[in-house]
Amino acid sequence: MLKEYKTISEVAGPLMLVKQVEGVKFGELGEIELSNGEIRRCRVLEIDGTNALVQLFESSAGINVAESKVRFLGRGLELAVSMDMLGRVFSGLGIPIDGGPNIIPDTRLDMNGTPMNPAARNYPSEFIQTGVSAIDGLNTLVRGQKLPIFSGSGLPHAQLAAQIARQAKVLGTDSKFAVVFAAIGITFEEADFFISDFKRTGAIDRTVLFINLANDPAIERIATPRMALTAAEYLAFEKDMHVLVILTDITNYAEALREVSAARKEVPGRRGYPGYLYTDLATLYERAGRKLDNEGSITLIPILTMPEDDKTHPIPDLTGYITEGQIILGRELHRKDVTPPIDVLPSLSRLKDKGIGKGKTREDHADTMNQLFAAYARGKEAKELAVILGDAALTDVDKLYAKFADAFEKEYVSQGFDEDRTIEQTLDIGWKLLSILPRSELKRIRDEYLDKYLPKA
(Lines give C-alpha, C1' and ligand atoms only; values in the text may rest on other atoms or scores of the structure.)
Protein backbone atom coordinates (compact mmCIF):
# COMPACT_ATOMS: atom_id res chain seq x y z
CA MET A 1 0.00 0.00 0.00
CA LEU A 2 1.45 3.37 -1.00
CA LYS A 3 1.85 5.92 1.78
CA GLU A 4 -0.29 9.05 1.38
CA TYR A 5 0.75 12.53 2.50
CA LYS A 6 -1.58 15.42 3.33
CA THR A 7 1.35 17.77 3.92
CA ILE A 8 1.26 20.02 0.81
CA SER A 9 2.54 23.39 2.07
CA GLU A 10 2.48 25.56 -1.05
CA VAL A 11 1.81 25.59 -4.79
CA ALA A 12 3.66 28.02 -7.10
CA GLY A 13 2.98 27.74 -10.85
CA PRO A 14 3.95 24.23 -11.98
CA LEU A 15 5.71 23.46 -8.65
CA MET A 16 4.43 22.13 -5.34
CA LEU A 17 6.18 21.61 -1.98
CA VAL A 18 5.32 18.48 0.05
CA LYS A 19 6.70 18.28 3.60
CA GLN A 20 7.53 15.39 6.01
CA VAL A 21 8.08 12.73 3.32
CA GLU A 22 10.10 9.54 3.82
CA GLY A 23 12.18 7.51 1.38
CA VAL A 24 11.24 9.59 -1.67
CA LYS A 25 13.86 9.77 -4.48
CA PHE A 26 14.75 12.33 -7.15
CA GLY A 27 12.86 11.75 -10.42
CA GLU A 28 10.18 9.59 -8.76
CA LEU A 29 6.63 9.80 -10.08
CA GLY A 30 3.75 10.82 -7.84
CA GLU A 31 -0.04 11.18 -7.91
CA ILE A 32 -2.04 14.03 -6.41
CA GLU A 33 -5.60 13.13 -5.45
CA LEU A 34 -7.88 16.17 -5.29
CA SER A 35 -10.80 16.44 -2.90
CA ASN A 36 -13.21 15.56 -5.75
CA GLY A 37 -11.30 12.34 -6.52
CA GLU A 38 -9.51 13.69 -9.63
CA ILE A 39 -5.95 12.36 -10.06
CA ARG A 40 -3.09 14.51 -11.37
CA ARG A 41 0.49 13.39 -11.95
CA CYS A 42 3.75 14.89 -10.75
CA ARG A 43 7.48 14.17 -10.61
CA VAL A 44 10.04 14.84 -7.87
CA LEU A 45 12.43 17.64 -8.85
CA GLU A 46 14.34 18.11 -5.61
CA ILE A 47 14.70 16.53 -2.16
CA ASP A 48 15.79 18.61 0.80
CA GLY A 49 15.75 16.56 4.02
CA THR A 50 12.10 15.59 4.50
CA ASN A 51 10.81 18.14 1.97
CA ALA A 52 10.06 17.15 -1.64
CA LEU A 53 9.67 19.72 -4.43
CA VAL A 54 7.49 18.20 -7.16
CA GLN A 55 6.62 19.37 -10.64
CA LEU A 56 3.07 18.97 -11.96
CA PHE A 57 2.30 17.42 -15.34
CA GLU A 58 -1.07 19.14 -15.50
CA SER A 59 -2.35 22.52 -14.34
CA SER A 60 -2.18 23.42 -10.63
CA ALA A 61 -5.62 25.12 -10.83
CA GLY A 62 -8.15 23.77 -8.33
CA ILE A 63 -5.68 22.08 -5.97
CA ASN A 64 -6.91 22.59 -2.40
CA VAL A 65 -3.73 22.51 -0.29
CA ALA A 66 -5.51 21.37 2.88
CA GLU A 67 -7.59 18.54 1.38
CA SER A 68 -5.45 17.11 -1.45
CA LYS A 69 -3.35 13.95 -0.91
CA VAL A 70 -0.02 12.97 -2.52
CA ARG A 71 1.37 9.46 -2.95
CA PHE A 72 4.73 8.53 -4.51
CA LEU A 73 4.90 5.52 -6.84
CA GLY A 74 8.49 4.38 -6.26
CA ARG A 75 9.50 4.56 -9.94
CA GLY A 76 10.56 7.17 -12.49
CA LEU A 77 9.08 7.98 -15.91
CA GLU A 78 9.22 4.88 -18.10
CA LEU A 79 8.36 4.05 -21.69
CA ALA A 80 6.66 0.79 -22.66
CA VAL A 81 8.63 -0.49 -25.67
CA SER A 82 8.08 -3.18 -28.30
CA MET A 83 8.34 -3.52 -32.10
CA ASP A 84 4.63 -2.58 -32.25
CA MET A 85 5.69 1.06 -31.70
CA LEU A 86 6.52 1.38 -35.41
CA GLY A 87 3.72 3.11 -37.28
CA ARG A 88 2.20 4.57 -34.11
CA VAL A 89 1.71 8.13 -32.80
CA PHE A 90 2.35 8.89 -29.11
CA SER A 91 2.04 11.88 -26.82
CA GLY A 92 5.21 13.40 -25.33
CA LEU A 93 4.87 11.00 -22.39
CA GLY A 94 4.60 7.89 -24.56
CA ILE A 95 0.81 7.44 -24.41
CA PRO A 96 -0.79 6.37 -27.76
CA ILE A 97 -2.87 9.23 -29.26
CA ASP A 98 -3.70 7.73 -32.66
CA GLY A 99 -6.82 5.89 -31.49
CA GLY A 100 -5.05 2.52 -31.59
CA PRO A 101 -4.68 0.06 -28.68
CA ASN A 102 -2.09 0.42 -25.94
CA ILE A 103 1.31 -1.15 -26.61
CA ILE A 104 1.86 -4.57 -25.02
CA PRO A 105 5.44 -3.97 -23.86
CA ASP A 106 8.41 -6.30 -24.23
CA THR A 107 9.88 -4.27 -21.38
CA ARG A 108 9.72 -0.84 -19.73
CA LEU A 109 12.75 1.44 -20.00
CA ASP A 110 13.68 4.49 -17.91
CA MET A 111 13.40 7.61 -20.08
CA ASN A 112 16.87 8.85 -19.01
CA GLY A 113 18.54 5.83 -20.61
CA THR A 114 21.91 4.45 -19.58
CA PRO A 115 25.04 6.40 -20.56
CA MET A 116 27.06 4.87 -23.40
CA ASN A 117 30.56 3.83 -22.32
CA PRO A 118 32.96 6.04 -24.37
CA ALA A 119 35.31 3.06 -24.81
CA ALA A 120 32.46 1.05 -26.35
CA ARG A 121 31.66 3.67 -29.00
CA ASN A 122 32.34 2.83 -32.63
CA TYR A 123 33.52 5.55 -35.04
CA PRO A 124 30.81 6.80 -37.45
CA SER A 125 31.85 5.92 -41.00
CA GLU A 126 28.87 4.77 -43.08
CA PHE A 127 27.10 7.09 -45.52
CA ILE A 128 23.38 7.84 -45.02
CA GLN A 129 21.61 8.96 -48.20
CA THR A 130 18.98 11.60 -47.40
CA GLY A 131 18.12 12.25 -51.06
CA VAL A 132 18.89 15.97 -50.52
CA SER A 133 21.83 17.04 -52.71
CA ALA A 134 23.04 19.91 -50.49
CA ILE A 135 23.41 17.42 -47.61
CA ASP A 136 24.52 14.24 -49.45
CA GLY A 137 26.97 15.95 -51.79
CA LEU A 138 28.46 18.69 -49.61
CA ASN A 139 27.65 18.08 -45.92
CA THR A 140 27.32 14.33 -45.82
CA LEU A 141 25.45 12.65 -42.97
CA VAL A 142 27.20 9.59 -41.49
CA ARG A 143 25.59 6.78 -39.49
CA GLY A 144 25.92 7.49 -35.77
CA GLN A 145 26.48 11.23 -36.27
CA LYS A 146 24.79 14.19 -34.55
CA LEU A 147 24.09 16.79 -37.26
CA PRO A 148 21.73 19.63 -36.26
CA ILE A 149 19.75 21.85 -38.63
CA PHE A 150 19.86 25.55 -37.67
CA SER A 151 16.78 27.33 -38.98
CA GLY A 152 14.91 30.59 -38.39
CA SER A 153 11.27 31.34 -37.74
CA GLY A 154 9.24 31.13 -40.96
CA LEU A 155 11.81 28.96 -42.79
CA PRO A 156 10.62 25.56 -44.06
CA HIS A 157 12.53 23.33 -41.62
CA ALA A 158 9.39 21.23 -41.01
CA GLN A 159 9.18 20.30 -44.70
CA LEU A 160 12.92 19.47 -44.77
CA ALA A 161 12.56 17.33 -41.62
CA ALA A 162 9.64 15.42 -43.17
CA GLN A 163 11.61 14.97 -46.42
CA ILE A 164 14.66 13.53 -44.62
CA ALA A 165 12.47 11.24 -42.49
CA ARG A 166 10.75 10.01 -45.65
CA GLN A 167 13.82 9.51 -47.85
CA ALA A 168 16.74 8.57 -45.58
CA LYS A 169 18.35 5.17 -46.11
CA VAL A 170 21.66 3.40 -45.45
CA LEU A 171 23.11 2.15 -48.73
CA GLY A 172 24.65 -1.28 -49.23
CA THR A 173 23.29 -2.92 -46.08
CA ASP A 174 20.46 -5.33 -45.28
CA SER A 175 19.89 -3.89 -41.80
CA LYS A 176 16.45 -2.55 -41.02
CA PHE A 177 16.00 1.23 -40.95
CA ALA A 178 13.60 3.13 -38.68
CA VAL A 179 12.84 6.78 -37.95
CA VAL A 180 11.93 8.14 -34.52
CA PHE A 181 10.37 11.58 -34.92
CA ALA A 182 9.77 13.83 -31.90
CA ALA A 183 7.88 17.10 -32.35
CA ILE A 184 8.40 19.33 -29.30
CA GLY A 185 6.10 22.24 -28.50
CA ILE A 186 4.66 22.56 -32.01
CA THR A 187 1.26 23.85 -33.11
CA PHE A 188 -1.64 21.54 -33.95
CA GLU A 189 -1.30 22.58 -37.62
CA GLU A 190 2.37 21.44 -37.73
CA ALA A 191 1.53 18.18 -35.93
CA ASP A 192 -1.22 17.50 -38.47
CA PHE A 193 1.24 18.21 -41.32
CA PHE A 194 3.77 15.65 -40.03
CA ILE A 195 1.21 12.92 -39.32
CA SER A 196 -0.64 13.32 -42.64
CA ASP A 197 2.63 13.59 -44.64
CA PHE A 198 3.98 10.35 -43.15
CA LYS A 199 0.66 8.58 -43.75
CA ARG A 200 0.36 9.91 -47.33
CA THR A 201 3.82 8.66 -48.31
CA GLY A 202 3.75 5.40 -46.35
CA ALA A 203 6.76 6.50 -44.26
CA ILE A 204 4.61 6.03 -41.12
CA ASP A 205 5.19 2.24 -41.35
CA ARG A 206 8.83 2.58 -40.28
CA THR A 207 8.33 5.64 -38.04
CA VAL A 208 7.60 6.16 -34.34
CA LEU A 209 6.05 9.61 -33.78
CA PHE A 210 6.06 11.52 -30.48
CA ILE A 211 3.92 14.68 -30.62
CA ASN A 212 4.04 17.34 -27.90
CA LEU A 213 1.80 20.32 -28.65
CA ALA A 214 2.40 23.95 -27.69
CA ASN A 215 -0.46 23.85 -25.17
CA ASP A 216 0.87 20.76 -23.36
CA PRO A 217 2.62 21.29 -20.00
CA ALA A 218 6.31 22.27 -19.79
CA ILE A 219 7.27 19.08 -17.93
CA GLU A 220 5.95 16.99 -20.85
CA ARG A 221 8.05 19.07 -23.24
CA ILE A 222 11.16 18.22 -21.22
CA ALA A 223 10.25 14.51 -21.29
CA THR A 224 9.43 14.26 -25.04
CA PRO A 225 12.96 14.07 -26.53
CA ARG A 226 14.00 11.63 -23.79
CA MET A 227 11.05 9.37 -24.57
CA ALA A 228 11.98 9.47 -28.27
CA LEU A 229 15.63 8.60 -27.57
CA THR A 230 14.54 5.76 -25.25
CA ALA A 231 12.46 4.30 -28.11
CA ALA A 232 15.47 4.75 -30.43
CA GLU A 233 17.85 3.00 -28.01
CA TYR A 234 15.49 0.02 -27.81
CA LEU A 235 15.20 -0.27 -31.62
CA ALA A 236 18.93 0.29 -32.21
CA PHE A 237 20.63 -1.65 -29.44
CA GLU A 238 18.02 -4.34 -28.68
CA LYS A 239 16.67 -4.90 -32.22
CA ASP A 240 19.81 -4.04 -34.28
CA MET A 241 18.13 -1.38 -36.41
CA HIS A 242 19.62 1.77 -37.94
CA VAL A 243 17.59 4.53 -36.30
CA LEU A 244 17.39 8.14 -37.46
CA VAL A 245 16.10 10.42 -34.68
CA ILE A 246 14.72 13.83 -35.67
CA LEU A 247 13.93 16.27 -32.84
CA THR A 248 12.10 19.48 -33.72
CA ASP A 249 12.18 22.08 -32.17
CA ILE A 250 15.00 22.09 -29.58
CA THR A 251 14.37 25.83 -28.98
CA ASN A 252 10.93 24.98 -27.53
CA TYR A 253 12.60 22.38 -25.28
CA ALA A 254 15.11 24.95 -23.96
CA GLU A 255 12.29 27.46 -23.35
CA ALA A 256 10.49 24.86 -21.21
CA LEU A 257 13.73 24.26 -19.30
CA ARG A 258 14.00 28.01 -18.68
CA GLU A 259 10.38 28.18 -17.49
CA VAL A 260 10.94 25.45 -14.89
CA SER A 261 14.27 26.95 -13.83
CA ALA A 262 12.63 30.34 -13.25
CA ALA A 263 9.84 28.73 -11.21
CA ARG A 264 12.52 27.09 -9.01
CA LYS A 265 14.15 30.54 -8.56
CA GLU A 266 17.50 29.27 -9.86
CA VAL A 267 20.21 31.79 -10.74
CA PRO A 268 19.82 32.37 -14.51
CA GLY A 269 22.68 32.13 -17.00
CA ARG A 270 22.92 33.68 -20.48
CA ARG A 271 19.60 35.13 -21.72
CA GLY A 272 17.81 33.72 -18.69
CA TYR A 273 18.51 30.07 -19.59
CA PRO A 274 19.72 27.89 -16.69
CA GLY A 275 23.48 27.53 -16.23
CA TYR A 276 23.19 23.77 -16.81
CA LEU A 277 21.73 24.16 -20.34
CA TYR A 278 24.96 22.82 -21.90
CA THR A 279 24.96 19.73 -19.65
CA ASP A 280 21.26 19.15 -20.20
CA LEU A 281 21.55 19.31 -24.02
CA ALA A 282 24.58 17.00 -23.86
CA THR A 283 22.52 14.37 -21.99
CA LEU A 284 20.23 14.33 -25.06
CA TYR A 285 22.72 14.58 -27.92
CA GLU A 286 25.25 12.10 -26.51
CA ARG A 287 22.69 9.31 -26.58
CA ALA A 288 23.34 9.07 -30.34
CA GLY A 289 26.11 6.93 -31.74
CA ARG A 290 27.26 3.42 -32.57
CA LYS A 291 28.44 0.67 -30.23
CA LEU A 292 31.24 -1.80 -30.88
CA ASP A 293 29.96 -5.32 -31.66
CA ASN A 294 26.44 -3.97 -32.21
CA GLU A 295 24.70 -3.77 -35.57
CA GLY A 296 22.35 -0.96 -34.57
CA SER A 297 23.03 2.76 -34.43
CA ILE A 298 21.35 6.07 -33.57
CA THR A 299 21.87 9.02 -35.91
CA LEU A 300 20.52 12.30 -34.56
CA ILE A 301 19.22 15.38 -36.41
CA PRO A 302 18.09 18.01 -33.87
CA ILE A 303 16.33 20.98 -35.49
CA LEU A 304 16.32 24.37 -33.80
CA THR A 305 15.05 27.80 -34.77
CA MET A 306 17.62 30.46 -33.97
CA PRO A 307 15.92 33.43 -32.26
CA GLU A 308 16.44 36.47 -34.55
CA ASP A 309 18.56 34.21 -36.85
CA ASP A 310 21.40 34.63 -34.32
CA LYS A 311 24.02 31.85 -34.48
CA THR A 312 25.56 33.15 -31.23
CA HIS A 313 22.32 32.62 -29.26
CA PRO A 314 22.95 30.14 -26.38
CA ILE A 315 20.90 27.29 -27.91
CA PRO A 316 22.63 27.05 -31.36
CA ASP A 317 25.94 28.06 -29.76
CA LEU A 318 25.94 25.21 -27.22
CA THR A 319 24.45 22.76 -29.72
CA GLY A 320 27.32 23.51 -32.10
CA TYR A 321 29.84 22.61 -29.38
CA ILE A 322 28.26 19.22 -28.65
CA THR A 323 27.40 18.07 -32.19
CA GLU A 324 29.49 17.30 -35.29
CA GLY A 325 28.66 20.25 -37.51
CA GLN A 326 25.47 22.01 -38.58
CA ILE A 327 23.20 22.47 -41.60
CA ILE A 328 22.14 26.13 -41.83
CA LEU A 329 19.00 27.32 -43.62
CA GLY A 330 19.40 30.78 -45.21
CA ARG A 331 16.69 33.43 -45.28
CA GLU A 332 18.18 35.03 -48.41
CA LEU A 333 17.93 31.73 -50.32
CA HIS A 334 14.36 31.29 -49.07
CA ARG A 335 13.46 34.70 -50.53
CA LYS A 336 14.90 33.53 -53.88
CA ASP A 337 12.54 30.53 -53.74
CA VAL A 338 15.35 27.99 -53.30
CA THR A 339 13.88 24.86 -51.68
CA PRO A 340 15.28 23.59 -49.39
CA PRO A 341 17.11 26.88 -48.64
CA ILE A 342 20.31 25.21 -47.36
CA ASP A 343 23.19 27.72 -47.16
CA VAL A 344 26.08 25.39 -47.98
CA LEU A 345 29.01 27.73 -47.23
CA PRO A 346 28.51 28.18 -43.46
CA SER A 347 27.11 24.62 -43.14
CA LEU A 348 29.50 21.90 -42.08
CA SER A 349 29.54 18.17 -41.42
CA ARG A 350 32.71 17.35 -39.48
CA LEU A 351 32.47 13.65 -40.29
CA LYS A 352 31.75 13.96 -44.03
CA ASP A 353 35.26 12.81 -45.01
CA LYS A 354 34.67 9.51 -43.17
CA GLY A 355 31.49 8.62 -45.06
CA ILE A 356 32.44 9.31 -48.68
CA GLY A 357 34.74 7.87 -51.33
CA LYS A 358 35.15 4.59 -53.17
CA GLY A 359 32.98 1.80 -51.77
CA LYS A 360 30.83 4.28 -49.81
CA THR A 361 29.60 6.85 -52.34
CA ARG A 362 31.87 7.25 -55.38
CA GLU A 363 35.60 7.79 -55.91
CA ASP A 364 35.20 11.36 -57.22
CA HIS A 365 33.03 12.57 -54.32
CA ALA A 366 35.69 14.32 -52.20
CA ASP A 367 37.28 16.15 -55.14
CA THR A 368 33.99 17.37 -56.63
CA MET A 369 32.77 18.46 -53.19
CA ASN A 370 35.87 20.63 -52.64
CA GLN A 371 35.64 22.08 -56.15
CA LEU A 372 31.93 22.92 -55.81
CA PHE A 373 32.54 24.69 -52.49
CA ALA A 374 35.41 26.72 -53.94
CA ALA A 375 33.60 27.61 -57.17
CA TYR A 376 30.38 28.64 -55.36
CA ALA A 377 32.33 30.82 -52.89
CA ARG A 378 34.15 32.57 -55.76
CA GLY A 379 30.91 32.93 -57.74
CA LYS A 380 29.21 34.65 -54.79
CA GLU A 381 32.20 37.02 -54.46
CA ALA A 382 31.96 37.84 -58.18
CA LYS A 383 28.24 38.60 -57.83
CA GLU A 384 28.87 40.89 -54.84
CA LEU A 385 31.56 42.70 -56.84
CA ALA A 386 29.14 43.15 -59.76
CA VAL A 387 26.57 44.74 -57.43
CA ILE A 388 29.13 47.37 -56.34
CA LEU A 389 31.09 47.97 -59.57
CA GLY A 390 28.77 46.68 -62.29
CA ASP A 391 29.17 43.69 -64.65
CA ALA A 392 31.75 45.56 -66.74
CA ALA A 393 34.25 45.29 -63.85
CA LEU A 394 34.22 41.47 -64.00
CA THR A 395 36.66 39.43 -66.05
CA ASP A 396 35.30 36.78 -68.42
CA VAL A 397 36.23 34.05 -65.92
CA ASP A 398 34.50 35.92 -63.08
CA LYS A 399 31.35 36.14 -65.20
CA LEU A 400 31.47 32.35 -65.63
CA TYR A 401 31.81 31.93 -61.86
CA ALA A 402 28.81 34.24 -61.30
CA LYS A 403 26.83 32.17 -63.83
CA PHE A 404 27.94 29.00 -62.01
CA ALA A 405 26.75 30.35 -58.61
CA ASP A 406 23.26 31.07 -59.99
CA ALA A 407 23.03 27.67 -61.69
CA PHE A 408 24.33 25.94 -58.53
CA GLU A 409 21.56 27.44 -56.37
CA LYS A 410 18.89 26.75 -58.98
CA GLU A 411 19.80 23.18 -60.01
CA TYR A 412 21.90 21.68 -57.21
CA VAL A 413 20.54 23.18 -53.96
CA SER A 414 16.95 23.81 -55.09
CA GLN A 415 15.29 20.46 -55.72
CA GLY A 416 11.92 20.84 -53.98
CA PHE A 417 10.66 18.80 -51.04
CA ASP A 418 9.48 15.77 -53.05
CA GLU A 419 12.51 14.90 -55.18
CA ASP A 420 14.62 12.01 -53.87
CA ARG A 421 18.05 12.04 -55.54
CA THR A 422 20.51 9.15 -55.40
CA ILE A 423 24.13 10.05 -54.61
CA GLU A 424 25.03 9.28 -58.26
CA GLN A 425 22.46 11.80 -59.50
CA THR A 426 23.79 14.41 -57.04
CA LEU A 427 27.39 13.88 -58.19
CA ASP A 428 26.38 13.95 -61.88
CA ILE A 429 24.55 17.28 -61.39
CA GLY A 430 27.74 18.60 -59.75
CA TRP A 431 29.83 17.58 -62.78
CA LYS A 432 27.31 19.13 -65.17
CA LEU A 433 27.57 22.45 -63.30
CA LEU A 434 31.37 22.31 -63.16
CA SER A 435 31.43 22.00 -66.96
CA ILE A 436 30.32 25.70 -67.04
CA LEU A 437 33.89 26.57 -65.96
CA PRO A 438 37.03 26.10 -68.08
CA ARG A 439 38.89 22.87 -67.30
CA SER A 440 41.94 24.94 -66.27
CA GLU A 441 39.90 26.34 -63.32
CA LEU A 442 39.10 22.89 -61.88
CA LYS A 443 42.33 22.71 -59.88
CA ARG A 444 40.91 20.72 -56.96
CA ILE A 445 40.00 17.64 -59.01
CA ARG A 446 42.51 14.99 -60.11
CA ASP A 447 43.08 14.67 -63.86
CA GLU A 448 41.96 11.03 -63.87
CA TYR A 449 38.52 12.05 -62.55
CA LEU A 450 38.28 14.99 -64.95
CA ASP A 451 38.96 12.62 -67.86
CA LYS A 452 36.43 10.09 -66.57
CA TYR A 453 33.51 12.24 -65.36
CA LEU A 454 33.66 15.76 -66.83
CA PRO A 455 30.99 16.03 -69.58
CA LYS A 456 32.50 16.60 -73.01
CA ALA A 457 31.55 19.96 -74.53
Tell me, please, which residues at least two apart from N51 pass side chain to side chain donor-acceptor pair (under 3.5 Å).
-> none
Are [X] and [Y] side-chain neighbours, meaning at least one heavy-atom pair lies under 4.5 Å?
X    : Y    : result
E10  : M16  : no
F127 : V170 : no
V142 : K352 : no
R264 : L53  : yes
E31  : F72  : no
K69  : I32  : no
I298 : K146 : no
V21  : V70  : no

Between [X] and [Y]: side-chain donor-acceptor atoms closer than 3.5 Å:
X    : Y    : value
R258 : Y253 : no
Q145 : S349 : yes
R143 : S297 : yes
T283 : R226 : yes
D136 : T130 : yes

Is it true that [X] and [Y] have ring centroids separated by less than 6.0 Å?
X    : Y    : answer
Y376 : Y412 : no
H313 : Y273 : yes
F210 : F181 : no

Donor-acceptor under 3.5 Å (E238 side chain, L235 main chain) = no
If only atom types and distance count, is the side chain of S414 paired as donor or acceptor with the main-chain N or O of E411 below 3.5 Å?
-> no
Do the charged groups of [X] and [Y] touch, with an N to O distance under 4.0 Å?
X    : Y    : answer
R43  : E28  : no
K176 : D240 : no
R41  : E58  : yes
E38  : R40  : yes
R166 : D418 : yes
R331 : D343 : no
D249 : R221 : no
K239 : E295 : no

How many angstroms lie between atom [atom1] of [X] and atom [atom2] of [Y], to the nearest 0.5 angstrom?
X    : Y    : atom1 : atom2 : result
I250 : L284 : CD1   : CG    : 6.0 Å
L109 : Y234 : CG    : OH    : 8.5 Å
T187 : N215 : OG1   : CG    : 10.0 Å
I204 : S196 : CD1   : OG    : 10.0 Å
D197 : F417 : CG    : CZ    : 11.0 Å
L141 : E126 : CG    : CD    : 12.0 Å

Provide the closest heavy-atom pair for [X] versus [Y] in the form atom of the first, atom of the second, distance.
X    : Y    : answer
F57  : L77  : CZ-CD1, 3.9 Å
D310 : P316 : O-CG, 3.6 Å
A191 : I211 : CB-CG2, 3.7 Å
A66  : K6   : O-CE, 3.9 Å
A288 : L300 : CB-CB, 3.7 Å
S60  : G13  : OG-O, 3.1 Å

Exactly one of [options] should register a side-chain contact (heavy atoms from CB on, under 4.5 Å) with [X]. Which one does?
X    : options          : value
T230 : L79, V180, N112  : L79
R270 : T312, L318, I315 : L318
P156 : S151, P340, P341 : P341
R421 : T426, L427, V132 : T426

Would the number of heavy atoms belonging to other residues, nucleotides or ligands and lying under 6.0 Å from [atom1] of [X] be above 12?
X    : atom1 : result
K336 : NZ    : yes
E419 : CD    : yes
I39  : CD1   : yes
K169 : NZ    : yes
Y276 : OH    : yes
K199 : NZ    : no

Are K291 and F237 in a cation-pi contact, defined as NZ or CZ under 6.0 Å from the six-membered ring centre and within 45° of the axis?
-> yes
Stepwise, does the side chain to side chain donor-acceptor pair (under 3.5 Å) test hold for Q20 with T50?
-> CA-CA 5 Å; Q20 297 162 25; T50 59; over 6 Å; no
Salt bridge (Lys or Arg N to Asp or Glu O under 4.0 Å) between E424 and R362: does it pass, once the steps are laid out?
-> CA-CA 8 Å; E424 286 78 14; R362 206 167 75 184; 5.9 Å; no
